[in-house]
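Below, chains carry the letters A, B, ... as their sequence lines are ordered, and counting in each starts from 1. Side chains included, hydrogens not; waters and symmetry mates left out as well; all remaining heavy atoms used.
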Amino acid sequence: MIEWSETKIKAFQQTLLDWYDHNKRTLPWRQDHNPYHVWVSEIMLQQTQVQTVIPYYLHFMEEFPTVQDLADAPEDKLMKTWEGLGYYSRARNLQKAARQVVTDYHGKWPSNAHDLQELSGIGPYTAGAIASIAFNQPVAAVDGNAFRVFARLLEINADVAKPQTRKIFEKVINKIISKDRPGDFNQAIMDLGASYMTATNFDSSHSPVRAFNQAFLDGIEDQYPVKTKKKRPVVHDYFGLVIRSDNGYLFQKRPSSGILANFWMFPLFDHQDLTDDQSLSKSALIQIVEAKMQSDYQLPIKLSQVLDKPVTHTFTHQQWKITLLEGRLPENVDLSYFPGKWIQPAVFDEMTFSKVQSKLWSAYQKRPSIS
DNA sequence: CAACCGTGGAT
DNA sequence: TATCCAAGGTT
């Protein structure tokens, strides 16, 4: 890692902020410095691209214009507003924090990074972002952009995938950040990271800070940031049950913790949970599911495969391959042993579905007709 | 600390 | 298709 003199730091600040003043992106959450606006946008932007967030942000502000509106919101309306954005605990933490602000802080936001981190869903990055943008506090906001930009500028060799590395970057950036315009400085770094200093296809030769980019000057920019690779997602094979009656389709509520917590979905059966025997044929596996529906839930069901190929969906750490099975039950069947309910397709639009459930429904509707 | 938590876009 | 990346936080 190289170090900058006080003179060089001043020159960098000037160059960066001059560029930002003339080239900053026009974004809905940049119209003012209202902490509620800054906060909601920062939560939505966690691990999510700007162009994805924009329509969600605009809709969210129509539904919940103030922190009080968010605190008072019914959960189903909140989740419906978040539908499709992913990482759904962000939405639940958002409302938790809104209630913290309204009750614990009587509507007056904490204005420094330390206190902001006490709110649900606000970690070191988001605390720094809100403190600097909304409250003009001179603190670093170390996100993926800051890692990438400063790793290249200063040839920082620490592995950005390791949690402890954040401290190194915070220390460096807190020295370089503009004390007069910390919010603009942090946002300028992000705009830089989203334009000339992207992860791939970067264009450093035209960057406004190319003269400060040591890795570029040394021709080794592709070596930064240093980051160890992630593990591959674990594959899960499931049967997805599309069970119909005159009361609608059978849905099951997912557990209150873990992936897609509390979402309603078609019932899923993990092949691994059915048997350890890898040699069983698919028809034998289907018979096991039928037997399980009978013994565990008192539901007499005959199932048959709907599509040749499974519906696949990849999360960050899991890949699901779901083979769809369909069946029918009489409307007066006793559902009291099954942890689920009938839902009519007419109300699907009012529910919050995960992407994978939407895929299952879509694939099922496109099934070959039985003529 | 390492593992977990969604989705869409780019390559 | 597989992999990585995108304004990270929680456990």
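For the pair Phe147(A) CZ and dA6(C) C1', the computed distance is 14 Å after rounding to whole Å. To the nearest angstrom, P of dA6(C) lies 8 Å from CD of Gln49(A). Here the P atom of nucleotide dC5(C) and the CG atom of Asn201(A) are 13 Å apart, to the nearest Å. Between the CD1 atom of Ile189(A) and the P atom of dA7(C) there is a distance of 13 Å, given to the nearest Å. Rounding to whole angstrom units, NE2 of residue His317(A) and C1' of dC5(C) are separated by 14 Å. Atom CG of Asp143(A) and atom P of dA6(C) are 9 Å apart (whole Å). Separating the NZ atom of Lys321(A) from the P atom of dA2(C) is a distance of 7 Å, rounded to the nearest angstrom.
Under the side chain to side chain contact (heavy atoms under 4.5 Å, CB included) criterion, Ala98(A) pairs with Trp39(A), Val67(A), Leu70(A), Ala71(A), not counting sequence neighbours. Lys292(A) meets the salt bridge (Lys or Arg N to Asp or Glu O under 4.0 Å) test with Asp296(A); sequence neighbours excluded. Take Ser207(A) and apply the side chain to side chain donor-acceptor pair (under 3.5 Å) test, not counting sequence neighbours, and it matches no residue. Glu170(A) meets the side chain to side chain contact (heavy atoms under 4.5 Å, CB included) test with Pro124(A), Val142(A), Arg166(A), Asn174(A); sequence neighbours excluded. Applying the side chain to side chain donor-acceptor pair (under 3.5 Å) test to Asp180(A) and every residue at least two apart in sequence or in another chain returns nothing.
Between Met61(A) and Trp29(A), every side-chain heavy-atom pair lies at or beyond the 4.5 Å cut-off. Two residues are said to be in side-chain contact when any heavy atoms from C-beta on lie closer than 4.5 Å; Pro138(A) and Lys179(A) meet this criterion.
Residue Leu17(A) comes nearest to Phe185(A) through the heavy atom pair CD2-N, 3.8 Å, listed as atom of the first residue, atom of the second, then distance. Between Pro225(A) and Arg148(A), the shortest heavy-atom distance links the atoms CD-CG, 3.7 Å.
For the pair Arg152(A) and Phe202(A), the cation-pi test (distance below 6.0 Å, angle within 45°) is passed.
Here Gln46(A) does not reach the OP1 or OP2 of dG8(C): none of its side-chain N or O atoms lies under 4.0 Å away.
Aromatic ring orientation, Phe12(A) versus Trp4(A): tilted (interplanar angle from 30° to 60°). In this structure, Phe266(A) and Tyr249(A) have tilted ring planes: the angle between them lies in the 30° to 60° band.
Taking the C1' atom of each, dG8(C) and dC1(B) are spaced 16 Å apart, rounded to whole Å. Using P as the reference atom, dT11(C) and dG6(B) are 13 Å apart when rounded to the nearest Å. Atom P of dA7(C) sits at a distance of 15 Å from the matching atom of dT11(B), rounded to the whole Å. Rounded to whole Å, the separation between the P atoms of dA6(C) and dC5(B) comes to 22 Å. Using P as the reference atom, dC4(C) and dA3(B) are 15 Å apart when rounded to the nearest Å.
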Determine all donor-acceptor pairs shorter than 3.5 Å in which one atom belongs to a side chain in residues 333-346 of chain A; sequence neighbours excluded.
residue, atom, partner, partner atom, Å
Asp334(A), OD1, Ser336(A), N, 2.9
Asp334(A), OD1, Ser336(A), OG, 2.6
Asp334(A), OD2, Ser336(A), OG, 3.1
Gln344(A), NE2, Asp246(A), O, 3.2
Gln344(A), NE2, Asn247(A), O, 3.1

Side-chain donor-acceptor pairs of residues 127-136 of chain A under 3.5 Å, sequence neighbours excluded:
residue, atom, partner, partner atom, Å
Ser132(A), OG, Gly128(A), O, 2.9
Ser132(A), OG, Ala129(A), O, 3.1
Ser132(A), OG, Asn186(A), ND2, 3.0

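Of the residues in residues 16-45 of chain A, not one places a heavy atom less than 4.0 Å from an atom of DNA chain B. Against DNA chain C, the stretch residues 113-133 of chain A makes heavy-atom approaches under 4.0 Å through Ser120(A), Gly121(A), Ile122(A), Gly123(A), Pro124(A), Tyr125(A), Thr126(A). Contacts with DNA chain B (heavy atom under 4.0 Å) in residues 149-188 of chain A: Pro163(A), Gln164(A), listed by number. Within a heavy-atom distance below 4.0 Å of DNA chain B, the residues of residues 64-97 of chain A found are Gly84(A), Leu85(A), Gly86(A), Tyr87(A), Tyr88(A).
Counting any heavy atom pair closer than 4.0 Å across all strands shown, Gly258(A) reaches sugar-phosphate atoms only and no base atom. Residue Val53(A) is classed as having no contact, given no heavy-atom separation below 4.0 Å to the nucleic acid.
Mapped onto DNA chain C by nearest heavy atom, Arg148(A) and Thr314(A) fall at different nucleotides, with Thr314(A) at the one closer to the 5' end.
Other residues, nucleotides and ligands place more than 12 heavy atoms under 6.0 Å from the NZ atom of Lys359(A).
Heavy-atom contacts of chain A under 4.0 Å fall on DNA chain B between two terminal nucleotides, which in 5' to 3' order are dC1(B) to dT11(B).
Taken from CG in Leu268(A) to NE2 in His271(A), the straight-line distance is 10.0 Å, to the nearest 0.5 Å.
Here Arg92(A) pairs with Glu75(A) in a salt bridge; the nearest charged N to carboxylate O distance falls below 4.0 Å.
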